[in-house]
Asks: 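Sharing a structure with you now.
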Amino acid sequence: MSYISMVLKATCLLLCVMAFTEGTTPKKCDNLQPSDLKLSVTSRRNQTGHWIAQAMLQHKGQDVTGMQNEGLWSLDMDHTTFTCEGGETVVITATVTAPPRKPSPNYELIPGLGYYKLHTEGKIWHRARLICAEEGAHLAIINSEEEAEELKAILARHPKLYSDYRNEYVYIGISDIRSEGDWITIFGQPLNTTGYMKWAPNQPNQGREGNCGLMQRTGGLHDGACVTEFAFFCEQQL
């Protein structure tokens, strides 16, 4: 799962006149955290009865010592005017495009997909999830056959992680912890909508004992006990 850039599209339908020269300007260091977005829209009616509206978008990146985005944000605006039910309607579309994120240390770029890191030191599923989050990433979610093949290739570089059955599996970001048999991603997305639902033969089969998702070296999905320590993949989006 990946996206080359983060794109915010805000479309405003405003009757009468829209102006961006009026209103409140952002305060210096306006209590935004790094990578925060703040979108506000205000409007008022002037003395002639015209509506004046202002849309304001603020973004704060990291400082230069911890830069998470490369390059500047770009803004593109367009507008069209048409008559609707006897009144003039102005449609203004603003597209803000963010540059790609820089990866955390030791993450490998797979072009068009994202950054990935295989943690070879096994952890239980919940701890693995926290480690990924601490690195600004998340447990990997497979969205295509292509992505599965890339993860298999990374895993193949480490043929001997364990001396037992755990050597065949790595944790990924799916589970049915919330509801038995209802497999979802760590973001609550149903597994059957992710684009990859390639269960290995006879899987899932552990019932209430197997609530956390694994990928086998062959690419097949397995369920496993969340308290077993496995290697795991973290994913950081572009």
Asks: For Asn192, does the CG atom sit with more than 12 other heavy atoms under 6.0 Å from it, leaving out its own atoms?
Replies: yes
Asks: Considering non-hydrogen atoms only, spot the tightest contact between Tyr162 and Gly122 and give its length.
Replies: OH-CA, 2.9 Å
Asks: Calculate, to the nearest 0.5 Å, the distance between atoms CD1 and CG belonging to Ile110 and Leu151 respectively.
Replies: 6.0 Å
Asks: Testing the basics here: between Ile186 and His138, what is the closest heavy-atom pair and its distance to 0.1 Å?
Replies: CD1-CB, 3.6 Å
Asks: Between OG1 of Thr185 and CD1 of Ile174, what distance do you get to the nearest 0.5 Å?
Replies: 9.0 Å
Asks: So, are Glu134 and Arg129 salt-bridged, with charged N and O less than 4.0 Å apart?
Replies: no
Asks: Where is the tightest heavy-atom contact between Met215 and Leu155, given as atom of each residue plus distance?
Replies: CE-CD2, 4.2 Å
Asks: Centroid-to-centroid, Tyr171 to His119, below 6.0 Å?
Replies: no
Asks: Please check this pair: side chain of Ser104 against backbone of Glu135, looking for a donor-acceptor N/O pair closer than 3.5 Å.
Replies: yes
Asks: Nearest 0.5 Å, what's the SG-CG distance between Cys132 and Leu139?
Replies: 4.0 Å
Asks: Please name the pair of heavy atoms, one in Ala137 and one in Tyr107, separated by the smallest distance, quoted to 0.1 Å.
Replies: CB-OH, 3.3 Å
Asks: In the structure I gave you, are the side-chain heavy atoms of Gln189 and Ile184 within less than 4.5 Å of one another anywhere?
Replies: no
Asks: Between Asp223 and Trp183, is there a side-chain heavy-atom distance shorter than 4.5 Å?
Replies: yes
Asks: If we only count heavy atoms from C-beta on, is the Thr120 to Phe232 side-chain gap below 4.5 Å?
Replies: no
Asks: Is the closest side-chain donor-acceptor distance between Tyr116 and Gln236 under 3.5 Å?
Replies: no
Asks: Gln216 and side chain to side chain donor-acceptor pair (under 3.5 Å): which single residue from His222, Lys198, Lys152 fits?
Replies: His222
Asks: Is a side-chain donor or acceptor of Asn167 paired with a backbone partner of Pro159 at a separation under 3.5 angstrom?
Replies: yes
Asks: Under the side-chain contact (heavy atoms from CB on, under 4.5 Å) test against Leu161, which residue among Glu121, Arg166, Arg217 passes?
Replies: Arg217
Asks: Look at the side chain of Glu145 and the backbone N and O of Glu149, then say whether any donor-acceptor pair between them is shorter than 3.5 Å.
Replies: no
Asks: Could you walk me through whether Cys234 and Tyr115 pass the side chain to side chain contact (heavy atoms under 4.5 Å, CB included) check?
Replies: CA-CA 8 Å; Cys234 293; Tyr115 295 98; over 6 Å; no
Asks: For side chain to side chain contact (heavy atoms under 4.5 Å, CB included), just list the numbers for Ile141 and Tyr196, CA-CA rounded to whole Å, side-chain angles, deciding distance to a tenth of an Å, and then say yes or no.
Replies: CA-CA 9 Å; Ile141 299 169; Tyr196 191 84; over 6 Å; no
